[in-house]
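Handing you this structure, nothing more for now.
Fair warning: this is a prediction, and the values are worked out from it, not measured in the lab.
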Amino acid sequence: MAFSAAELQKRHGLEGAPDPFPSLGGSTAPAPSTAAKKLNNNGPSTASVDTSSEDAFPSLGASAAPATNITKPAISAWASKPTTVKSTGGKAKAANITSGGLGRVGTPTATSHPFSDSFSIPAADLVQGQTLQETVKKVRDQTGVIVESSTQMRTGLKTFLLRGTDQKKLIIARRLIERGLSKPVTIQVEVPITTLGTIIGPKGATLKSITDATQVKIDVPRRDTLPSYDPKDNKSDNGLDSDDEEDDEPQVPISVTGPSAACQDAKNRILSLISHKTSQTSTSIKTIPSSYYPFIAGPKGTKAKQLEEEIGGGEVKIHVPPPAVWKALEKQSQGELTEENETLPKDRDLSIKVKGEKEKVKAVVQEILKQYETLNESLRELKISIPKRQHRFLVGSSADEILIETGCIVELPPVDDPSDQCVIRGPQPSLIPALTQVMDKANAIAVEMVDVVTLHRPNTSDPLSHAKKVLKYLLRTSKLRSISESNGNGDVKIYPPFASAVTNTGTVIIEIVGEDKSKVSKVKDEVATLVKSILPSGTITVEIDHLIHSLLIGKKGSRISQFEQQNNVTTVFPSTKEREEESSEVTLIYTGPLENLPQDKKSRDSKLKEILASASKALQDLAKDAADLKTQTLNIEKKWHRFIIGSGGTVLNALIGEDQLVNVKVGSQSTNNNSKSNKTEDEDVVTVRGPSTEVDRVVTQIKQIVEDAKNDDIVNGFTIEFNVLKQYVPHLVGTSGATINKLRETLGVRVNFDDDESATTAKKGSKKPVVHCKIVGRKEAVEEAKRRLDAQIEKLEDETTEIVIIKRAIQPALIGSGGKYAIRLEEKYGVKLSFPRDNKEGKESNQNPDEVTIRGGKKGVALAKAELLEAYQYENESRQEITFKIPTKSIAQIVGKGGSTINKIKDETNTQIDIEKQSTAPAEKTNITVRGDKKSIEQAKKSILELVEEIGDEIEDELEIDQKYHRSLIGQGGSNLKDIIQTAGGPQEGYKQSGLITFPKSGDENMSLVKFRGDSKLIKKIKAELEKQLSTLKETIIVGVVVPQSQHASKIGRGGSALQDLQRKTGALIHFPGSRQYASVGEIENASELGDAPEGDIVKVIGTKEVVAKATELLQVSNERPARTDSRQGRSTPQNDYPSKSLSIPTKYYHAIAEQRNLIQQIRNVGAFITIPNAPPKPTHPKPSAASNGNGNDLAAKTARIDLSGGNDDTDDSLLDLEVGWELTDNYQNSQDGEQDWSVRAKEPKDLEKAIEVLENAVEKAKSATHVGLLTGVPRSAFPRIIGSKGATISRIRLETGADVQVSKDDDLITITGDETSVLQAKDSILTIVSRPGRNDRY
């Protein structure tokens, strides 16, 4: 619990004492304490009235008399020394006395200022000096709050303590301090572009409320600088457009300038306004090829829906777009292919869209990517050719059926690709079944074709052109859909060709598809009849201005329908795409009854020509009457054109309107005159053409847009111009304009450098060329940008360049790995280091390879140069080199496994060792190069040559050994191989033994071939030893011995000790039922002799006949379980036949020995067991009290007093004193007399001697513990510091003093055991630790 300073004064009876937190505004003469007044008053004291109480008698003004008996103030927890309180005497002014509240003076108390608050701000973020004093005074004057502050040098935080009369004033005071003292900063808040309206609010009301509440400046980017973005409000129910790919919403930076705390407050307010928007996100997955989309979506989107529910929790929507060719073929099959949408984009399936709650979107995306990785590794593909006309039968429900039944999908080529090659993708076993299904579905439907070009070839010389007109007519009039619906209610479908197919093949083929062949044939005949009825002579093309087309058609096509009925024609206008290209061709097709025409072809064509000519004239007359077209040209300066066009042409599109009745051309687009004389004039021209009313509307709006732009330019058009030396311009602009772009983004200004000024300046005799700089924007932002550029120029003017000569060979060491040393030097001194680069192209360079350039400020360059030369001198002295040769065959042993040997030599000698790479034909000798100082390279060379001598003459040998013997020869963990190598005189180190013997591994051709490699003498000995053991193994037999299961535990022993002893005595391998190798060692040879013995009783014994017989005899001996000899833990001792030895030890040492840590473990580590006698009563020592002074004898201790807060004499009155009890007595004075026998048993005599030695050492340690010290009164809160992290502190005390220290878990007793000197040293160490202030001792 935290207390304020006033509350602590009250709790410790110090109310009225000087404030431990002196305020910054000046010293306050504190009122004398009650105790002080009593000492200075010789008369009787009045106990009922406290005349010094500020609450009872508030001061009316400053006293003229000097304050007397000023009590020395306590040390503030934030101050490094006591605050000095000076007496101001009679000349003190009331203004210099710290107010205790509004209209009051004197030291504030817990009663006068009951509310307090504290907070910290990084000192680096605060202004200092006069501003600090003024702010504190302002807070005091306005709120009456007392402000105290201090700076913590370790953390760099400035802490403010506020005390006031009510909570509201504390809040106001804190806000004033944070706003008044924090340095102004600028932060960026990234928000979605669609939330700008919410942040600004109606007429800027919301934004103004934030700036008023936080007193910061908030800059929202201007509308013309925002990126173009269509929010796409008309989404489908799932929130994603199935036809169009949704763009990620751009983020817009909002600048907030002001004090750091206020900026953070404003940022939080902004984010809280748009939290509903920022909690949602959408992302695109563009790294997955579209061919995998059907697998991820699943049949009919089942897998995507499963992801939405299981991982997204219903808060995520996944849109996996189908392949573009699927959508195109489905549109065609549904009869939705018209002249407006017959040309489909190629790539509409660029990415998978995931939209919803942020964290769940991330989880879904990770799962989709994981699925893709799995699919990419497991799927295979099969290519097959299928006619293009059959591709439509492999999409939609057919594709889902193939995917459900076989797990495969069919990838089709794009509709505009003439290729008919398809790819079946899926698991390898499913490819053939999928191929069968694909072919079945492709051939299951009857297909008939009507070739329009062929039907009209006899009637015209250009059948293709006429066929295209027929196709356009059929698409516009929906004649084909009518024929399809009239025959079997859509059972037969008609597919017109894609425009891309017409372009690629030069044919116009209409396909008729259905399951009933008779219906298909009937529909084919009807389509052919319809196509033939459109005669080449019955079509004509008329040129009508594209701007009139909408007017001719009329509302819902009413006007053109009337015209068509009157003239027996159908009018085909250009498609949307053709209108965008300003196509004026309108096709008229005669659709009247053919029976009314002459039967003779020549007469019929003449009649059709006459009818179409009349219709054409009527259409042109109708166009003249429909609209009064006019063209108006505006002369607008080129710089305003971007406002007319807008971002991405958005403003211009809005001007033209949805009907596109007018045409607007801006700048040089307005005319085709390319003459140089008119070029400038053409760039300023804006041309508007269309119906007069529409032209007038658009011209008025354009003028208003230009007028608004000019007004805005006045506000944001403040300009500063100045000249800059040309040599500084690249630094001011930055890499790729980074510096200038940052100014534009943060300040919203435009900075331009005009190089034309330099030539003019040079002519006037200027020594250095300059460049004209122009900054445009708001006045405040322009002035700030100018200030920043001036600061950078000033820094550049101080720049100098030094060249240092450093040998090329040493430069890499000074640069460091990845340039880390050079970068550290650059950052330390603010300079730029340039080292010569290698010329990779082999061209000659004029640069000296030993020259290193240092560029930067003069002071930084000088310091960097000095440090660089110092490092160069050190490297030059330490970079010695020596090269010598060693036999090539010894390279492998010198390098070692994984480079272990060579790395060990490098680490020990601190050298760099390079081994020459061998060519295709290795030589007998290899060069070794060692680099380092002279002493180190000699040591490394010596170590390498010693290894070469150890290797000697290396040979390779082989030995055939049956695979069944390998396990036995290798041994557990390779133990037997290690013993064989050591027996043969080989090395003991594991890394040196590696490679001497190599047994075959799984997958080797010959699993019986064992290889040897190493010194010839050693290999011969190892091979001989291996052959010897192999001959022994060949004589090995496996025999079963019946041992009742009840005796297995005693035969195995604790931890397998009895079994190991039995195997060691007999030399046999013994496996009890249930062991891991019991089943794998082989079948027993005497199974017939065992009869019906239970399998659980049969023990397998492996070895030679003699060994097996001996082991069998010992196993069949029925022995009772030996009686337990109770040790301290109640555990049983080993077999009675183990050698044992007893040691008589005085009874008084029992507890000192038995309680020694790890005694039993130490004896067991040497292979022995100990039997501990019964424990005598443990002597007790009376616990000393905190006020006792000992027991009166020579060993009694004195009473000690420690100050837990570690204060000095000046602060004793404000710190807590603690009395501790301490008593030092003889450790064994009340112990029982006599001796006890301690018994030790071991398997081997040498182990028994080691155990006796361990026990004797324990006795000596007990004898040395002559005294015991009992320390009480230390607060348990100090125990963690005495023990330390993981016992580190108490272990250090034990190690340094030699005494044993035990801290009680139940009370405050600390027991210290040892000789008198060590006990006292341990006590002093503990008291020293306790006297140091803890982390929570300050308040």
Is any side-chain heavy atom of Gln1063 less than 4.5 Å from a side-chain heavy atom of Leu1069?
->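 Side chain of Gln1063 against side chain of Leu1069, heavy atoms only: contact under 4.5 Å found.
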Could I get the full list of ring pair (Phe, Tyr, Trp, His ring centres under 6.0 Å) partners for Tyr965, not counting sequence neighbours?
->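 Tyr965 satisfies ring pair (Phe, Tyr, Trp, His ring centres under 6.0 Å) with no other residue.
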Which atom pair, heavy atoms only, marks the closest approach of Thr911 to Ser936?
->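 Residues Thr911 and Ser936, closest heavy atoms: CG2-CB, 3.4 Å.
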Under the side chain to side chain contact (heavy atoms under 4.5 Å, CB included) rule, collect the residues that match up with Glu1249, sequence neighbours excluded.
->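 Glu1249 satisfies side chain to side chain contact (heavy atoms under 4.5 Å, CB included) with Lys1141 once adjacent residues are dropped.
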Kindly say whether Pro987 contributes a backbone atom to a donor-acceptor pair with the side chain of Gln993 at under 3.5 angstrom?
->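 Confirmed, Gln993 side chain pairs with Pro987 backbone.
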Which residues pass the side chain to side chain donor-acceptor pair (under 3.5 Å) test with Asn1174, sequence neighbours left out?
->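 Scan of Asn1174 (side chain to side chain donor-acceptor pair (under 3.5 Å), adjacent residues dropped) gives none.
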Tell me the salt bridge (Lys or Arg N to Asp or Glu O under 4.0 Å) pairs involving residues 1018-1029, sequence neighbours left out?
->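 Listed by first then second residue: Asp957-Lys1023.
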Kindly state each residue pair satisfying ring pair (Phe, Tyr, Trp, His ring centres under 6.0 Å) with at least one member in residues 998-1027, sequence neighbours excluded.
->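 Passing the test, one end in residues 998-1027: His966-Phe999.
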Contact list for residues 1053-1105, test ring pair (Phe, Tyr, Trp, His ring centres under 6.0 Å), sequence neighbours left out =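 Every pair satisfying ring pair (Phe, Tyr, Trp, His ring centres under 6.0 Å) with a residue in residues 1053-1105: His1048-Phe1072.
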Do any N or O atoms from the side chain of Gln811 and from the backbone of Pro849 form a donor-acceptor pair under 3.5 angstrom?
->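 Confirmed, Gln811 side chain pairs with Pro849 backbone.
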Could I get the full list of side chain to side chain contact (heavy atoms under 4.5 Å, CB included) partners for Ser1285, not counting sequence neighbours?
->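 Not a single residue meets the side chain to side chain contact (heavy atoms under 4.5 Å, CB included) criterion with Ser1285.
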Do the side chains of Leu1030 and Lys1034 get nearer than 4.5 Å, heavy atoms only?
->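 Counting from C-beta outward, Lys1034 and Leu1030 do come under 4.5 Å.
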Do any pairs count as a ring pair (Phe, Tyr, Trp, His ring centres under 6.0 Å) and have a residue in residues 1238-1262, sequence neighbours left out, and if so which ones?
->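 Non-adjacent pairs meeting ring pair (Phe, Tyr, Trp, His ring centres under 6.0 Å): Tyr1150-Trp1238.
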With sequence neighbours excluded, tell me which residues meet side chain to side chain contact (heavy atoms under 4.5 Å, CB included) with Asn1165.
->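 Checked Asn1165 against side chain to side chain contact (heavy atoms under 4.5 Å, CB included); matches are Gln1161.
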Side-chain donor-acceptor pair present, Asn976, Gln1029, cut-off under 3.5 Å =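 Indeed, the side chains of Asn976 and Gln1029 share at least one donor-acceptor pair under 3.5 Å.
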Under the salt bridge (Lys or Arg N to Asp or Glu O under 4.0 Å) rule, what pairs show up with a residue in residues 960-980, not counting sequence neighbours?
->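 Residue pairs with at least one partner in residues 960-980: there are none.
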Measure from the side-chain N and O atoms of Asp1097 to the backbone N and O of Gln1045, and report whether any donor-acceptor pair falls under 3.5 Å.
->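 Checking the backbone N and O of Gln1045 against the side chain of Asp1097, a donor-acceptor pair under 3.5 Å is found.
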Which residues share a ring pair (Phe, Tyr, Trp, His ring centres under 6.0 Å) with Tyr821, sequence neighbours left out |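 Tyr821: no ring pair (Phe, Tyr, Trp, His ring centres under 6.0 Å) contacts found.
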Would you list the pairs meeting salt bridge (Lys or Arg N to Asp or Glu O under 4.0 Å) in which at least one residue belongs to residues 930-941, sequence neighbours left out?
->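 Listed once each, the pairs are Glu881-Arg931, Asp914-Arg931.
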